[in-house]
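Notes for the one structure printed next.
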2 protein chains.
Amino acid sequence: MAMRDVHCEVEEVGATPRGRDHGLVWLLGRAALRSHQSLQERFVRHGIRKWHYAVLAAVDEAGPVTQADISRRLSLDGSDLVGVLNDLVSAGYVTRNPDPANRRRNLVALTEEGAAALREFDVCVVETEDELLATLAPDERKQLVSLLARVLDAARPAGVE
Amino acid sequence: MAMRDVHCEVEEVGATPRGRDHGLVWLLGRAALRSHQSLQERFVRHGIRKWHYAVLAAVDEAGPVTQADISRRLSLDGSDLVGVLNDLVSAGYVTRNPDPANRRRNLVALTEEGAAALREFDVCVVETEDELLATLAPDERKQLVSLLARVLDAARPAGVE
DNA sequence: TACCAATATTGGTATTACCAACATAGGGGG
DNA sequence: CCCCCTATGTTGGTAATACCAATATTGGTA
């Protein structure tokens with residue numbers, strides 16, 4: 001890795017954050033990593049990963065949708081969605097059929113088994129969140145979620161949903 | 001991927017979270033991803049990635065330290081640290097010399113250039129955090145950081161630092 | 001001395017996010 | 001109607017990350 005020479009003058013920065021350990025980006029990254037691992041640990045017992053759950057939930061909430069819709073809604077690359085759907089179809093959790101109105105599109109719909117499985121998987125999410133937020137009071141949980149949602153809205157590129 | 005059959009009875013779960021979009025794990029993951037990308041975008045102009053910054057900061061704060069110390073302090077795998085240090089040594093940002101007191105260990109120390117570069121890189125972090133937290137009031141920023149730190153402390157396996 | 005633990009290093013793997021290319025199909029303007 | 005442009009789904013590849021296994025060297029210790 002070729003590191004570029006540092007040539008800028010920096011004598012008046014003064015904004016050096018004392019306690020770099022507590023930077024927001026750092027904390028976000030570690031918290032996300034741990035929560036993700038904790039959730040995946042539960043999902044793996046059901047043979048799924050987080051995107052399987054996210055796609056199931058999206059199809060459940062939006063009714064029969066096209067893959068492009070799911071992709072946009074979840075900010076999941078279309079090519080990655082294909083693999084996830086292959087798994088979900090194999091498991092019998094969703095159906096994927098061409099849209100008769102527009103034969104480019106596939107309509108993805110939740111099956112009975114998919115709906116039942118989704119309720120199972122929801123438990124994993126609830127358990128993980130309870131574990132993570134065990135030390136927080138209920139109003140603090142709401143505060144954290146609210147603050148994170150606002151950060152995400154601000155960081156969103158341009159009016160995506 | 002072989003998905004296990006869902007056989008458990010779920011009739012009394014009732015904890016299905018309405019608004020799955022707003023689950024903590026989901027929000028954490030997306031926020032971390034976006035903030036990480038925003039930071040990396042700035043770091044890449046200096047030819048570094050986040051671990052280079054983290055290691056530089058750790059060496060700066062802890063004085064000359066062994067690689068094992070850095071590894072534990074940052075929860076960074078020792079093998080990954082080797083590569084990061086190779087880059088930092090090549091760039092002249094740190095020195096890595098055997099500890100005369102214990103020849104298994106390497107002592108990593110910040111150079112003048114490393115210290116100057118670190119101050120440069122700090123600007124990237126400050127800019128990224130300002131961008132992410134632009135919509136939050138100062139006390140909300142502190143609240144978010146505080147809540148995240150508490151979540152992380154709770155999720156920490158066992159007395160690490 | 002002989003065994004065990006710590007350290008640094010090499011190499012490999014799995015996951016994730018993303019990108020490029022492509023074939024197919026729709027829609028719209030000439 | 002034909003041509004162009006876009007949207008869609010699909011395949012394949014890449015970079016970064018996190019982690020794990022094996023090893024050589026060294027320290028400490030029973």
Donor-acceptor check, side chain of [X] to backbone of [Y], threshold 3.5 angstrom: yes or no?
| X | Y | result |
| --- | --- | --- |
| A/Q67 | A/G78 | no |
| B/S38 | B/R34 | no |
| B/H52 | B/R49 | yes |

Any chance you could list the contact pattern along nucleotides 22-30 of chain D? Use B for base contacts, S for sugar-phosphate-only contacts and - for none, protein heavy atoms under 4.0 Å, 5' to 3'. ----BS---
For the student: nearest non-hydrogen atoms of B/V59 and B/L110, plus distance: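 In this case the closest contact between B/V59 and B/L110 is CG1-N, 3.6 Å.
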By salt bridge (Lys or Arg N to Asp or Glu O under 4.0 Å) - contacts of [X] (at least two apart):
| X | answer |
| --- | --- |
| B/D77 | none |
| A/R104 | none |
| A/D99 | none |

Do the side-chain N or O atoms of [X] get closer than 4.0 angstrom to the phosphate oxygens (OP1, OP2) of [N]?
| X | N | result |
| --- | --- | --- |
| A/R49 | C/dT16 | yes |
| A/R105 | D/dT6 | no |
| A/Q67 | D/dA7 | no |
| A/Q40 | C/dT16 | yes |
| A/H36 | D/dA18 | no |

Under 4.0 Å between any heavy atoms, over every strand shown, what does A/T66 touch: base, sugar-phosphate, or nothing? Just pick one.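 Sugar-phosphate contact only - A/T66 comes under 4.0 Å of backbone atoms but never of a base.
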For D/dA30, give the paired nucleotide (Watson-Crick: N1-N3 plus N6-O4 or O6-N4; G-U: N1-O2 and O6-N3; both under 3.5 Å), or none.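 Answer to the pairing question: C/dT1, which forms a Watson-Crick or G-U pair with D/dA30.
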Separation of B/L81 atom CG from D/dC19 atom P, in whole Å?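 Whole-Å distance recorded here is 14 Å.
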To the nearest Å, how far apart are A/W26 CH2 and D/dT17 P? 11 Å
Regarding the side chain of A/V82, the nearest nucleotide among C/dT15, D/dT8, D/dT11 is D/dT11
Taking salt bridge (charged side-chain N to carboxylate O under 4.0 Å, His left out) as the criterion, tell me which of A/E131, A/E120, A/E129 meets it with A/R42.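 Per the salt bridge (charged side-chain N to carboxylate O under 4.0 Å, His left out) rule, the option paired with A/R42 is A/E131, out of A/E131, A/E120, A/E129.
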Residues that B/E41 engages under side chain to side chain donor-acceptor pair (under 3.5 Å), provided they are two or more places apart: none
Grab the N/O contacts between the protein and nucleotides 17-20 of chain C below 3.5 Å, and write none if there aren't any.
from   : atom 1 : to    : atom 2 : distance (Å)
C/dA17 : OP1    : A/K50 : NZ     : 3.1
C/dA17 : OP2    : A/W51 : NE1    : 2.5
C/dC18 : OP1    : B/Q37 : NE2    : 2.5
C/dC18 : N4     : A/D80 : OD1    : 2.8
C/dC19 : N4     : A/D77 : OD1    : 3.4
C/dC19 : N4     : A/S79 : OG     : 2.5

